[in-house]
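Everything numeric in this text was worked out from a predicted model, so none of it was measured. Chain naming here is simple, since letters A, B, ... match the order of the sequence lines and numbering starts at 1 in each.
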Amino acid sequence: MKKLLNPIEFYNDRKLLIANLIIFLVGTTSAVFLQTTFESPIDMHFSDKIELKLTILGNFISTLSLFLAFFLAGRIINKKTRVIDCLNLSMYFRIPYYILAFINISHFLSDEKTILNIEKNYVFSENQLIEMVLVYSMILFFIGFLIIQGIIIYRSFKTIANAKKTTDYLILVLIILAFIIISTLIIRNL
Amino acid sequence: MKAKLPTQCPSCETLLSVTQLTCESCQTVVQGNYPLPIFLQLSPKEQEFILQFFLTSGSLKEMAAQLGISYPTVRNQLDDMIQHIKDLNI
């Protein structure tokens, strides 16, 4: 578990980079076929058709913006922060999103009818209730998922930049937020 | 069993100094007040780190491979130790 929450502390940087690059390519390809689009580094949506450009560029910009945020914050805190570690963290951070994309394997979440059924019918049938429970369970799951993502960033950034003080993490959070806003604006204007 | 060299006073935690040295061959005893060298003021873990660092000719990459941890982790340990030694000097 320790290694999963902070692989940068334990694994060789080059081996980790190769693994991350392979997962990045496989993840992007699977996201295309699972009709998943990424509008920011911490966001994902399911489209009703394959959006090649939006998925590939969205994922690339999301990963790049995370990398720049980690690198900039790392360099402000510790001049010895390395590019390869920030690259590894940014790509590792994105892996759960590729796995989450498999929720849409049957294109259930791309189906507009599912959402319309939930929104328009006041009296739910058994099937609609199941769908609603599924959607709300996924929201809860996503919150838990974001907490784990936070732990990954906290621990890995500690290794990358030898961050210790609260101000170090405050700098990181502010820079990440700025890059999330910038990347969202860029991806939405594609 | 190899006895661990105490560096701190068990009562008030102040740094101890050497006041007596004995020759094991002729039992000559030298008395005085000698401060502990910086290396001995470090924890056994830190002393082991320095030894490893020396044996790998200062290569952090080689050390990381030997210890089975990553390069930034070793570099952070070194940075923390440098800071600790700087604090001891003050």
Side-chain angles (χ1 to χ4, degrees), chain A residues 1-21 66-67 69-93 95 151-169 171-172, chain B residues 2 4-16 35-90:
Chain A
M1 193 65 183
K2 242 182 169 183
K3 287 185 179 179
L4 273 178
L5 291 174
N6 185 8
I8 293 162
E9 187 180 347
F10 302 98
Y11 296 111
N12 176 279
D13 42 18
R14 284 182 191 177
K15 284 178 189 166
L16 200 62
L17 185 67
I18 292 166
N20 276 331
L21 276 171
L66 273 176
F67 160 71
F70 294 139
F71 189 64
L72 190 64
R75 275 291 165 113
I76 290 170
I77 296 158
N78 186 350
K79 291 271 177 280
K80 291 175 187 169
T81 304
R82 300 186 310 163
V83 171
I84 191 166
D85 297 328
C86 298
L87 209 55
N88 271 330
L89 178 57
S90 57
M91 284 200 277
Y92 185 75
F93 181 84
I95 294 173
I151 297 169
I152 289 174
I153 289 188
Y154 173 79
R155 291 195 178 179
S156 303
F157 193 71
K158 196 176 183 176
T159 306
I160 285 176
N162 204 9
K164 287 189 180 81
K165 292 178 235 159
T166 315
T167 45
D168 295 344
Y169 288 100
I171 291 168
L172 175 71
Chain B
K2 198 179 171 186
K4 189 188 153 202
L5 179 75
T7 55
Q8 277 186 331
C9 169
S11 175
C12 69
E13 294 186 349
T14 307
L15 195 70
L16 294 170
L36 276 177
I38 285 181
F39 185 75
L40 293 178
Q41 292 177 36
L42 301 173
S43 69
K45 203 180 162 189
E46 287 171 324
Q47 289 177 17
E48 180 61 32
F49 184 94
I50 290 175
L51 202 65
Q52 283 293 323
F53 185 70
F54 176 74
L55 290 172
T56 52
S57 308
S59 166
L60 292 182
K61 277 185 183 172
E62 208 180 311
M63 261 186 88
Q66 275 181 15
L67 297 170
I69 48 177
S70 70
Y71 174 86
T73 311
V74 180
R75 188 200 59 209
N76 291 344
Q77 286 177 1
L78 180 69
D79 287 346
D80 291 345
M81 272 183 58
I82 291 170
Q83 192 53 51
H84 185 201
I85 290 169
K86 277 181 184 169
D87 293 343
L88 284 175
N89 269 331
I90 291 163

Whether Thr159(A) side chain and Thr73(B) backbone form a donor-acceptor pair below 3.5 Å: no
Spacing of OG belonging to Ser70(B) relative to CG belonging to Asp85(A), to within rounding of 0.5 Å: 7.0 Å
Rounded to the nearest 0.5 Å, what separates atom CZ in Arg75(B) from atom OG1 in Thr81(A)? 6.0 Å
Give, as side chain, backbone, both or neither, the part of Ile160(A) having an atom under 4.5 angstrom from any heavy atom of chain B. backbone
Region of Lys80(A) that comes under 4.5 Å of a non-hydrogen atom in chain B: both
Given the rule in the side chain to side chain contact (heavy atoms under 4.5 Å, CB included) test, do Gln83(B) and Asn162(A) qualify, once you have shown the distances and angles that lead to the verdict? CA-CA 12 Å; Gln83(B) 192 53 51; Asn162(A) 204 9; over 6 Å; no
Please check if the number of heavy atoms outside Arg82(A) that lie under 6.0 Å from its CZ is greater than 12. yes
Give, for atom CD of Glu9(A) and atom CG of Asn76(B), the distance between the pair rounded to the nearest 0.5 Å. 9.0 Å
Within the supplied structure, the quantity of interest is the number of heavy atoms (other residues, nucleotides, ligands) at a distance under 6.0 Å from Lys15(A) NZ; does it exceed 12? no
